[in-house]
Amino acid sequence: VGDDALRGQAVNSISCGTQSSCVVSLVGSASILRTEDGGKNWTATVAGGRRIGGVAFVGGARVIAVGESGLLVLSEDAGASWRAIGGSVDGAFRGVSVSSKLAAAVYGDAGAAASTLDGGKNWTSLTIPTSSTLLDVVAGGSNRLYALTGDGKLLRSYDSGSNWQPPLTPAKPPRALIVWSKLRVGLVGPRGVSVSTRSGARSRPARGAVARMALTSADRAGKATFVHGRSAIAVTLDKGERWARVSRPRGSGAIVKLEMLNARNGYLLDSKAEMFRTSNGGKRWRRLETTGANVAVSMAFGDRMHGY
């Protein structure tokens, strides 16, 4: 980028709404950096006066930021100004999960979570029965919510979080959660993917090459769903029925982040701080010239041609 505002800063999240509009939260900081000109210039804004744990565009120019001591703020002008939302929402939040333009959830430590069904205008605190850190909270449609805990339990609510079913405890703790519909759920890792058609109950391991892969993350990209670990990638086009291995870039380091925009176009960031692009679903990767940084922790793209 053409501005020194980010130089030497530790980034904990980045999100882009368009090719020119992005926001960045910094480790240990109450400020959010925003750009409206593709990264040439960055401006710091203060969002609530407490340390930010995560920030994300949720549709149009609307951005949600979360943080310590229940910080939950909304911007409707791409991060230029912020206001508190949702009344009193308890918890220390560190992540944002966006299911659609209207449905989103924030989550964090000791079961702290809140959800919105109107694009962030109003929020409801969720009383999730766990003392563990939450890895993800996802809306599944028809008032269903799914929560994945750090100690490997899957929690389910069928009434928007008012009541929760007894937790499911897979034999091996999943690392990531995929919710394709109100009934169809995928549990990712630590090895392979298990798919359930009963809201997470009675999941069955997917067959083929994906069954042997060490996996930690999932990425929805239109009709495609990609999963990956540090050294392996797989994709499904039919909600987990069949999986295909995706080759990672030749000579690349461990995978830090995979961001697929659709079934064909996407980007991969590796542990060498190098970035690669594919336009054919990972059959071929092209290394991109970047800034030459020694360490990279994340990336975000506004479209298939513009990213940070």
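Numbering of residues begins at 1 and proceeds along the displayed sequence. Note that the structure is predicted; figures quoted are calculated from it, not measured. Because only heavy atoms are used, hydrogens play no part in the values below, and waters and symmetry mates are left out as well, while side chains stay in.
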Met213 versus Ala234, closest heavy-atom pair with distance: SD-CB, 3.8 Å
Common cluster, Leu261/Leu288, ILVMFWY with side-chain heavy-atom separation under 4.5 Å: yes
Shortest non-hydrogen contact between Arg220 and Thr225, atoms and distance: CD-OG1, 3.3 Å
Flag, side chain of Asp219 to backbone of Met260, donor-acceptor distance under 3.5 Å: yes
Short side-chain to backbone donor-acceptor contact, Thr45 and Gly79, under 3.5 Å: yes
Set of side-chain contact (heavy atoms from CB on, under 4.5 Å) partners for Lys239, sequence neighbours left out: Trp180, Arg184
For the student: nearest non-hydrogen atoms of Leu145 and Gly161, plus distance: CD1-N, 3.8 Å
Heavy-atom side-chain contact between Trp164 and Thr127 under 4.5 Å: no
Side chain proximity check, Ile32 to Val24, heavy atoms < 4.5 angstrom: no
Residue pairs involving residues 227-236 (criterion side-chain hydrogen bond (donor to acceptor under 3.5 Å, both in side chains); sequence neighbours excluded): Thr236-Asp238
From Asn280 atom CG to Arg286 atom CZ, the distance as rounded to the nearest 0.5 Å: 11.5 Å
Tell me which donor-acceptor pairs under 3.5 Å the side chains of residues 130-141 have, and how far apart each pair is, sequence neighbours excluded?
| from | atom 1 | to | atom 2 | distance (Å) |
| --- | --- | --- | --- | --- |
| Thr130 | OG1 | Ser132 | N | 3.0 |
| Ser132 | OG | Gly150 | N | 3.2 |
| Ser132 | OG | Asp151 | N | 3.4 |

Over all atoms of both residues, closest heavy-atom pair of Pro170 and Gly152: CD-O, 3.2 Å
All pairs passing salt bridge (Lys or Arg N to Asp or Glu O under 4.0 Å) where residues 245-256 contributes a residue, at least two apart: none
Interatomic distance, Asp270 atom CG to Met275 atom CE [nearest 0.5 angstrom]: 9.5 Å
Donor on one side chain, acceptor on other, Asn41 and Thr43, under 3.5 Å: no
Value rounded to 0.5 Å, distance of OG in Ser75 from CH2 in Trp82: 5.0 Å
Please tabulate, for the side chains in residues 199-210, all donor-acceptor contacts under 3.5 angstrom to protein atoms that are two or more places apart in sequence or on a different chain.
| from | atom 1 | to | atom 2 | distance (Å) |
| --- | --- | --- | --- | --- |
| Ser199 | OG | Arg144 | NH1 | 2.6 |
| Ser199 | OG | Tyr146 | OH | 3.4 |
| Ser199 | OG | Lys182 | O | 3.4 |

Heavy-atom side-chain contact between Leu72 and Ile64 under 4.5 Å: yes
With sequence neighbours excluded, residues passing side-chain hydrogen bond (donor to acceptor under 3.5 Å, both in side chains) with Ser162: none
Distance, nearest 0.5 Å, that separates CG of Leu269 from CZ of Phe276: 9.5 Å
Heavy-atom side-chain contact between Asp37 and Ser20 under 4.5 Å: no
From Leu215 atom CG to Arg212 atom CZ, the distance as rounded to the nearest 0.5 Å: 12.0 Å
Straight-line distance of Ser194 OG to Ile178 CD1, nearest 0.5 Å: 10.5 Å
